[in-house]
Amino acid sequence: MCFVLPAHPLAESTSGPSDPLRQLYSNRLAFDDAGIPLITIGLLDDQDRIVISGQGPIEATIYTPAAQTIRTETAGRLVVAPTRAVPGKTIYDVVVETVIGGDARAVEAAAAEWRKKGLTVASRRVGAIFGLDGQVLKNVRHLLIAGSFPDSASAEAEAAKLRAAFDAETHVAPRLEALPSGELALSMEDGKPLGTSRDVVFLRSADGSPLTVHDGVFDPDKNVRGDRTYIGSLYVTFDRNGKLALGNQVSLETLLLGTVPSEMFASAPPEALKAQAIAARGHLLAKLGTRHFADPFQLCARQHCQVYGGHGAHKPKTSEAVNATRGQFLARKGQLVDTVYSASCGGHTESNQFVWHEPPNPDLVGRPDTSNASEYPHGVTETTLNAFLDQPPSAFCGDAGYNEPYFRWQRSLTVEEVTRLVNQRYTIGRATALAPGRRGVSGRLVELTVIGEKGSAVLAPELTIRRVLGGLPSALIRIRPVQDVSGTIVRWEIAGAGYGHGVGLCQTGAIGRAQFGQDFRSILKHYYPQTELIRLY
């Protein structure tokens with residue numbers, strides 16, 4: 001049995017399931033003939049036109065308003081461009097806290113704490129409940145909202161204000177009150193018209209071969225244009241701002257073929273790749289319904305969700321790992337587990353509650369990732385931190401031979417650099433001291449106070465520390481001030497370990513474990529000790 005209870009308000013409209021645009025903006029989950037979930041992946045947005053070609057003719061489903069299929073005569077380039085576009089109406093909510101799960105008492109308790117601080121918040125439910133073959137995954141969470149604004153700039157300003165006032169990890173979550181709409185024109189690149197479609201067009205190759213998307217900026221951070229190929233169905237529609245968005249609808253297994261090689265070295269041992277495939281499969285499913293609330297896709301192809309390189313990213317070894325573990329997930333007591341992972345734990349994984357604002361999860365408990373299991377039985381503490389960093393234990397992520405620059409690393413930040421970085425977010429004046437606070441079980445800093453001449457700021461949780469201090473690889477760090485001859489601090493030397501949040505599977509550690517002969521079941525059992533392996537399709 002497969003079912004989904006949508007939490008997106010647009011999915012519950014009375015316009016019905018036949019509206020393809022509304023379905024793209026909803027959390028409804030479709031399945032292929034084999035019962036495998038079909039996922040929509042955002043590839044591009046904010047586009048003026050999109051150019052696609054195939055190895056043979058392309059079939060396009062257009063809406064005029066009824067659906068009909070047209071077909072190109074040759075394998076030339078097809079161009080999709082808008083002839084009319086109406087932006088959607090977007091509201092931007094300022095979120096001060098996210099409560100994981102659907103427990104109304106937990107939501108009210110969190111809201112009561114904000115009222116004690118003098119802030120009235122509203123609750124917005126997001127996410128969904130998915131069922132696969134009788135197994136249930138609850139992605140429900142509640143956003144506590146301190147204000148809503150018609151534009152993102154005003155919302156970001158309010159978020160910054162509340163962040164400074166309450167030392168909270170605020171963010172802005174868009175939501176749509178009205179969908180975008182418009183008309184799309186299809187033509188060959190030589191200008192030959194093919195037809196028009198209302199709101200959305202779906203494209204697929206007539207023979208099932210890959211389609212190529214031309215001249216796209218698939219990695220905005222690098223801002224390099226190029227071509228990428230994809231299998232499955234592509235679709236072009238309108239994003240919330242009335243510009244063009246491109247998506248790819250593929251089965252979860254096909255998605256993994258283009259995701260796993262982007263997440264782990266294809267040269268890694270087969271057992272590590274199998275562990276990565278299962279972790280990525282569960283983590284992808286767990287993200288559905290929890291992000292991209294105002295976009296015409298469920299997940300994006302970037303690091304924000306999981307990197308997806310399309311058909312061109314497929315590698316034989318990673319494809320073998322995906323196919324060998326087809327349909328396999330980790331579960332505990334009948335509930336699917338969100339199998340999060342990070343690049344390198346540095347020798348000790350972290351417990352989830354020290355990284356995210358959520359209750360302790362028995363599936364995600366921090367533990368030593370060393371060959372000597374008795375080392376650091378109480379975690380990495382202030383007492384053991386120096387030895388852990390300076391004389392590191394024999395750890396699987398350190399012995400693997402991959403990602404070595406991040407097993408142990410050094411950074412140096414001058415007073416001027418810290419002052420500039422922190423004042424971009426908080427008003428503290430010239431930085432005068434960095435005071436480490438609480439740490440997680442792995443030794444990762446959970447709280448850091450930056451003291452300045454005009455005030456101080458508490459950086460929390462660990463991701464905020466990393467971002468504010470210029471993008472540190474991890475928060476498993478030691479900070480030491482360096483003074484000049486007059487005793488004035490001129491810089492801080494930072495010694496660190498690992499890359500990423502450290503929760504769940506350590507990707508480099510999994511490689512090390514496989515190199516030492518562990519199979520994928522043993523690897524997963526270490527990083528998710530309370531779980532069992534199940535097959536859902």
Side-chain angles (χ1 to χ4, degrees), residues 95 97-103 106-107 109-110 126-127 137-144 168-169 171 263 275-276 278-291 303-306 329-333 335-369 376 378-381 397 437-447 459-467 473-477 497-507 509-510 523-532:
V95 181
E97 185 176 345
T98 301
V99 180
I100 306 296
D103 188 342
V107 175
V126 298
L137 176 63
K138 297 180 180 180
N139 288 347
V140 176
R141 55 197 63 194
H142 285 80
L143 308 180
L144 298 187
E169 183 59 21
H171 70 276
E263 293 287 352
Q276 174 65 66
I278 293 171
R281 185 179 290 112
H283 192 38
L284 279 169
L285 199 61
K287 287 181 176 179
L288 295 181
T290 66
R291 50 193 61 205
Q303 191 173 10
H304 174 253
C305 292
Q306 281 193 84
F329 296 81
L330 289 182
R332 182 175 61 85
K333 296 182 178 180
Q335 301 292 316
L336 294 181
V337 173
D338 182 0
T339 41
V340 298
Y341 53 87
S342 67
S344 173
C345 70
H348 201 296
T349 63
E350 186 55 88
S351 297
N352 67 294
Q353 71 269 24
F354 295 113
V355 174
W356 302 295
H357 292 299
E358 59 186 44
N361 186 335
D363 307 318
L364 302 173
V365 175
R367 58 196 314 202
D369 199 20
Y376 300 96
H378 305 295
V380 180
T381 65
C397 56
R438 295 185 302 119
R439 293 184 181 271
V441 68
S442 72
R444 283 168 170 78
L445 268 182
V446 179
E447 189 176 276
L459 310 185
E462 63 90 36
L463 181 58
T464 300
I465 297 171
R466 291 159 53 193
R467 285 176 172 172
S474 87
L476 208 176
I477 56 176
Y499 190 102
H501 51 67
V503 181
L505 180 138
C506 171
Q507 292 172 294
I523 293 170
L524 293 170
K525 196 66 176 178
H526 172 78
Y527 294 111
Y528 313 101
Q530 301 283 336
T531 63
E532 62 176 342

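W356 has its side chain within reach of V340: a pair of non-hydrogen atoms, C-beta onward, lies under 4.5 Å apart. With contacts defined as side-chain heavy-atom distances shorter than 4.5 Å, the pair L144/V99 qualifies. Contact annotation: the side chain of T531 never approaches that of L524 to less than 4.5 Å [non-hydrogen atoms, C-beta and beyond].
Atom CD of E462 and atom CZ of R467 lie 9.5 Å apart (nearest 0.5 Å). To the nearest 0.5 Å, atoms CD1 (I465) and CG (L445) are separated by 5.0 Å. Separating the CD atom in Q335 from the CZ atom in F329 is a distance of 14.0 Å, to the nearest 0.5 Å. To the nearest 0.5 Å, the span separating CZ on F354 from OG on S442 amounts to 9.0 Å. Note that CG of L505 and NE2 of H526 are 9.0 Å apart. Values are rounded to the nearest 0.5 Å. The distance from atom CD of E350 to atom SG of C506, rounded to the nearest 0.5 Å, is 13.0 Å.
At least one donor-acceptor pair closer than 3.5 Å links the side chain of S474 to the backbone N or O of A497. Under the 3.5 Å distance criterion, the side-chain polar atoms of S351 are left unmatched by any main-chain donor or acceptor of V365. Checking side-chain atoms of R439 against main-chain N and O of L476 turns up no donor-acceptor pair under 3.5 Å. Counting only distance, with no hydrogens or angles, the side chain of Y528 and the backbone of L330 share no donor-acceptor pair below 3.5 Å.
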Between C305 and R291, is a side-chain contact (heavy atoms from CB on, under 4.5 Å) present by the stated rule, with each step listed?
CA-CA 9 Å; C305 292; R291 50 193 61 205; 3.3 Å; yes
Test side-chain contact (heavy atoms from CB on, under 4.5 Å) applied to R141 and T290, step by step
CA-CA 8 Å; R141 55 197 63 194; T290 66; 3.7 Å; yes
Start with the C-alpha gap between V337 and Q530, add the side-chain angles, then the distance that decides, and say whether side-chain contact (heavy atoms from CB on, under 4.5 Å) holds.
CA-CA 10 Å; V337 173; Q530 301 283 336; over 6 Å; no
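The minimum heavy-atom distance linking G346 with C397 is given by the pair N-SG, 3.5 Å. Closest approach of L364 and G504 over heavy atoms only: CD2-CA, 4.2 Å. The heavy-atom pair separating E97 from A110 by the smallest distance is OE2-CB, 3.8 Å. P362 approaches R332 most closely through the heavy-atom pair CG-NH2, 3.2 Å. Heavy-atom minimum distance, R367 versus P529: NH1-CB, 3.5 Å.
Residues H501 and N352 have side chains that never bring a donor and an acceptor to within less than 3.5 angstrom of each other. H283 and D338 share a side-chain donor-acceptor pair at under 3.5 Å. In this model, no donor atom of one side chain and acceptor atom of the other lie less than 3.5 Å apart for E263 and Q276.
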